[in-house]
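Contents: one structure, followed by commentary.
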Amino acid sequence: MSTVKKRVIIIGGGTSGAMLANRLPRDEFEVTVIDKQPYNYFWPWLLYIAFRGSRRPIKREIRSVLKPWVNFIQSGVRVVNLQDRYVELEDGKRLGYDYVVIATGATVDYSRVPGLDKVTEMFGNYHSNEENAWRVWQTLNSMREGTLAIILVQGHTDARQAR
């Protein structure tokens, strides 16, 4: 007895998108991951770059982190149509779905904390990209004296924006 598989489109081949794609049962779902770039970055490794100077590569081909039965399309997405249940790719091709997951990550807005954008420009950060993590490593290794402050800023939702 064969059952029709549910079509799942996951937009974003980063950690969350790849983990979900690999965890969905093969016999129940036909999974397609779409990402505009070919690489999956293991962002937690930026801590090892920033604080240990690790030269271990943090990126791999997305295809290499997905199970063989997961489809991968390298493309940007122009439209996600929730009513008619399709995703339109950059080339105009439309893919129908039963479920769509948008796992495109987050972008930090350093300007929300006064002065943080300037500090990040000067000294880098340990969570956004390799260049900034290396900037932290270089800053730490050039310090000979003084005080080091590591600041963690937790995001919040502004209730006024939610209205």
Exercise. Can Val77 and Val79 be said to form a side chain to side chain contact (heavy atoms under 4.5 Å, CB included), step by step?
Worked result: CA-CA 6 Å; Val77 171; Val79 174; 5.8 Å; no
Heavy-atom closest pair, residues [X] and [Y]:
X	Y	answer
Arg135	Glu121	NH1-O, 3.1 Å
Tyr110	Leu116	O-CB, 3.6 Å
Asp27	Lys5	O-CG, 3.9 Å

For this session: Output the rest of the hydrophobic cluster of Phe123: all Ile, Leu, Val, Met, Phe, Trp and Tyr residues reachable through side-chain heavy-atom contacts under 4.5 Å, sorted by chain and number.
Result: Val119, Met122
Problem set entry | Within 6.0 angstrom of Lys36 NZ, more than 12 heavy atoms from elsewhere | no
Exercise. Taking atom CD of Glu30 as the centre, does the number of heavy atoms from other residues, nucleotides or ligands within less than 6.0 Å exceed 12?
Worked result: no
Seminar exercise, completed: Sorted by chain and number, sequence neighbours left out, side-chain contact (heavy atoms from CB on, under 4.5 Å) with Ala21 holds for Ile10, Val31, Val33, Leu66, Val70
Problem set entry | Sequence-distant partners of Asp91, side-chain contact (heavy atoms from CB on, under 4.5 Å), two or more places apart | Leu89, Lys93
Under 3.5 Å donor-acceptor, [X] side chain and [Y] backbone:
X	Y	answer
Asn81	Gln83	yes
Arg63	Lys67	yes
Arg60	Phe42	no

Problem set entry | Any donor-acceptor N or O pair under 3.5 Å, side chains Ser128, Asn125 | yes
Is there a side-chain contact between [X] and [Y] (heavy atoms, below 4.5 Å)?
X	Y	value
Asn40	Glu61	no
Leu95	Ile73	yes
Pro38	Ile62	no
Arg55	Ile49	no

If you round to the nearest 0.5 Å, how far is [atom2] of [Y] from [atom1] of [X]?
X	Y	atom1	atom2	value
Ser16	Ile102	OG	CD1	13.5 Å
Ile11	Ile9	CD1	CD1	7.0 Å
Leu46	Asn132	CG	CG	9.0 Å
Ile34	Gln74	CD1	CD	12.0 Å
Trp134	Thr139	CH2	OG1	12.5 Å
Thr3	Glu28	OG1	CD	7.5 Å

Problem set entry | Hphob cluster co-occupancy, Tyr126 + Leu140, side-chain heavy atoms under 4.5 angstrom | yes
For this session: Spell out, yes or no, whether Val80 and Val101 are grouped together once hydrophobic residues are joined by side-chain heavy atoms under 4.5 Å, including indirect joins.
Result: no
For this session: Would you please test Phe51 and Trp137 for side chain to side chain contact (heavy atoms under 4.5 Å, CB included) and show each step?
Result: CA-CA 6 Å; Phe51 297 109; Trp137 174 248; 5.7 Å; no
Problem set entry | Qualifying salt bridge (Lys or Arg N to Asp or Glu O under 4.0 Å) pairs, either residue in residues 69-82, two or more places apart | Arg78-Glu88
For this session: Could you give me the CA-CA distance, side-chain angles and deciding distance for Val8 and Thr32, then say whether side chain to side chain contact (heavy atoms under 4.5 Å, CB included) is met?
Result: CA-CA 6 Å; Val8 177; Thr32 300; over 6 Å; no
Exercise. Residues in ring pair (Phe, Tyr, Trp, His ring centres under 6.0 Å) with Phe72, at least two apart?
Worked result: none
Problem set entry | Listed partners of Phe29 passing ring pair (Phe, Tyr, Trp, His ring centres under 6.0 Å), at least two apart | none
Exercise. Which class fits the ring pair Tyr48 and Trp45: parallel under 30°, tilted 30 to 60°, perpendicular over 60°?
Worked result: parallel
Exercise. Has Arg7 got its NZ or CZ under 6.0 Å from the middle of the six-membered ring of Tyr97, at an angle within 45 degrees of the ring axis?
Worked result: no
